[in-house]
Amino acid sequence: MSKITSRLLNWYQENKRTLPWRDHPDPYAVWVSEIMLQQTRVDTIIGYFQRWMEKFPSIEDLAAADEQDVLNLWEGLGYYSRARNLHKAAKLLLAEYGAQLPEDTKTLMKLPGIGRYTAAAVSSMAFGHDAAALDGNIRRVYARVFNVEEPLGTKDAENILWALAEDILPKGEAGDYNQALMDLGSAICTPRSPSCEKCPIKQDCEAYQLDIQEMRPVRKTKKAVPHHIHAGAVIVDEGKVLLAQRPQKGLLGGMWEFPNGRVEENPVKELASLIWEGYQVKIKVGNPIGEIDHAYTHFKVTEHVFLCELIQLSQKENLRWANLKELDDYPMGKIDREIAKRLQTSALSN
DNA sequence: CAAGCGTGGGC
DNA sequence: TGCCCAAGCTT
């Protein structure tokens, strides 16, 4: 075992955080936590993880769940395909794997939502196999320790970093070692202003020795995010409000929303035809309720919301009339949950 | 294989 | 405030 790995493992023993899924004998819990942690911080998922394990304690429970209940529990976490994939995979495991997670990375990667990183994480942490993991933290740590100059995400950088991960991995300690690297990355070797003085491997770190740690990893330049204008319709009829379910694929797949869409310039003028074309619903546009700003990863939105009256409804597929009190039962993205809350609040004060 | 996919926090 | 980023995967 190299000096680097033994220093990291020693540091981990002294500094590892106690987390709900750590030192947990249940591979299912490790799997769920790893999916939740994809592109998501530890602090964010703690509550979600505990509610999830309470409601779906096992693969069998998850496989038997309703998709809407699964999405409701996931609401607010984002990347909702993760929840749908967990659900799909649980059904698959029950049908074809005896309700047990496979232990090897190759079989794990056949499950929806499990890629190279997550397969290695589950195999090493839940089953103790020698699987090298590479996530955002580990990429950053290795890019600094070995002064990798290829921009992150390029084929060259990926080849170099995965090869490093495989080469350095200490046999028999992969689970702790992978977690040690990730804890180091989140606590010490941070993207900006890393705490190099506290780092257990600073004497091994090429970037630190050259004092260029903040120049590593090299990043590719990013594109500007567009800003779109949306118009949304709160359509009320006989005390109920009209909701639409989004398609399974794409943005907020399977979630519910107030009928809305992108407009070019004038939300008031364009809204009625927009709703008609998008949902086959004819409306009369009334008073504005408010504006909501939201930043997605790849674009920003300002949504103008209007109270509207129903004139004609030409299809019922994917549409539903909901009581204001029942809006919490419908999984929604952030914008539509905000609209729902405003409606419930104003209805309460009336 | 580049683009799409959410949201919250830090600075 | 605006921007960057975060335990990635899918198509």
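Here is how names work: the chains are called A, B, and so on, in the same order as the sequence lines, proteins then strands, and each is numbered from 1. The basis for the numbers below is simple: all heavy atoms, side chains too, and nothing from hydrogens, waters or symmetry mates.
The backbone N or O of A:W11 lies less than 3.5 Å from a partner atom in the side chain of A:N15, making a donor-acceptor pair. Of the possible donor and acceptor atoms, none in the side chain of A:E338 sits under 3.5 Å from a partner among the backbone N and O of A:K334. Formation of a donor-acceptor pair under 3.5 Å by the A:N266 side chain with backbone atoms of A:K269 is found in this model. Judged by distance alone, the side chain of A:T154 and the main-chain N or O of A:E150 form no donor-acceptor pair under 3.5 Å.
The only member of A:R82, A:H87, A:R84 that meets side chain to side chain contact (heavy atoms under 4.5 Å, CB included) when paired with A:W74 is A:R82. Exactly one of A:H294, A:H228, A:H227 qualifies for a side chain to side chain donor-acceptor pair (under 3.5 Å) with A:T302. That residue is A:H227.
Of all the residues in residues 74-96 of chain A, A:G76, A:L77, A:G78, A:Y79, A:Y80 reach under 4.0 Å from DNA chain B with at least one non-hydrogen atom. Less than 4.0 Å separates DNA chain C from at least one heavy atom of each of the following residues of residues 168-189 of chain A: A:M182, A:D183. Interface residues of residues 133-150 of chain A facing DNA chain B, ordered by number: none; criterion, heavy-atom separation under 4.0 Å. Residues from residues 105-119 of chain A that place a heavy atom under 4.0 Å from any atom of DNA chain B: there are none. Taking a 4.0 Å limit (strictly below) on heavy-atom distances, residues 34-44 of chain A reaches DNA chain B at A:Q39, A:T40, A:R41. Listed in residue order, the members of residues 247-260 of chain A having a heavy atom less than 4.0 Å from DNA chain B are A:G250, A:L251, A:L252.
Of all nucleotides in DNA chain B having an atom under 4.0 Å from a heavy atom of chain A, the first and last in 5' to 3' order are B:dA3 to B:dG10.
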Residues 121-132 of chain A side chain polar contacts: donor-acceptor under 3.5 Å, at least two apart:
unit_1: A:S123; atom_1: OG; unit_2: A:E103; atom_2: O; d: 2.6
unit_1: A:S124; atom_1: OG; unit_2: A:A120; atom_2: O; d: 2.8
unit_1: A:S124; atom_1: OG; unit_2: A:A121; atom_2: O; d: 3.3
unit_1: A:S124; atom_1: OG; unit_2: A:N178; atom_2: ND2; d: 3.1
unit_1: A:H129; atom_1: NE2; unit_2: A:E103; atom_2: OE1; d: 2.7
unit_1: A:D130; atom_1: OD1; unit_2: A:G172; atom_2: N; d: 2.7

Could you list the donor-acceptor pairs under 3.5 angstrom formed by side chains in residues 230-249 of chain A, with sequence neighbours left out?
unit_1: A:H230; atom_1: ND1; unit_2: A:N260; atom_2: OD1; d: 3.4
unit_1: A:Q245; atom_1: NE2; unit_2: A:G254; atom_2: O; d: 3.1
unit_1: A:R246; atom_1: NE; unit_2: A:L251; atom_2: O; d: 2.8
unit_1: A:R246; atom_1: NH1; unit_2: A:E257; atom_2: OE1; d: 2.7
unit_1: A:R246; atom_1: NH2; unit_2: A:L251; atom_2: O; d: 3.0
unit_1: A:Q248; atom_1: NE2; unit_2: A:E67; atom_2: OE2; d: 3.4

Donor-acceptor pairs under 3.5 Å, side chain of residues 314-321 of chain A to any protein atom, not counting sequence neighbours: which ones?
unit_1: A:S314; atom_1: OG; unit_2: A:Q312; atom_2: NE2; d: 3.2
unit_1: A:Q315; atom_1: OE1; unit_2: A:E317; atom_2: N; d: 2.9
unit_1: A:Q315; atom_1: NE2; unit_2: A:Y279; atom_2: O; d: 3.3
unit_1: A:Q315; atom_1: NE2; unit_2: A:E317; atom_2: O; d: 3.3

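As rounded to whole Å, 18 Å separates atom C1' of C:dC4 from atom NZ of A:K223. At whole-Å resolution of the value, CZ in A:R192 and P in C:dC3 are 13 Å apart.
Checked against side chain to side chain contact (heavy atoms under 4.5 Å, CB included), A:S186 has the following partners two or more places apart in sequence or in another chain: A:R17, A:N137.
Side-chain contact annotation: A:Y80 with A:E75, donor-acceptor N/O pair under 3.5 Å absent.
The pair A:R7-A:D204 meets the salt-bridge criterion, since a charged nitrogen lies less than 4.0 angstrom from a carboxylate oxygen.
Between A:K300 and C:dG2 there is no side-chain N or O to OP1 or OP2 distance below 4.0 Å.
Applying the side-chain hydrogen bond (donor to acceptor under 3.5 Å, both in side chains) rule to pairs touching residues 206-225 of chain A yields A:N147-A:R216, sequence neighbours excluded.
Nucleic acid contact class of A:K222 (heavy atoms, under 4.0 Å, all strands): sugar-phosphate only.
By the 4.5 Å heavy-atom criterion applied to side chains, A:I283 and A:V285 are counted as neighbours.
For A:W21 and A:F49, the distance between ring centers is under 6.0 angstrom.
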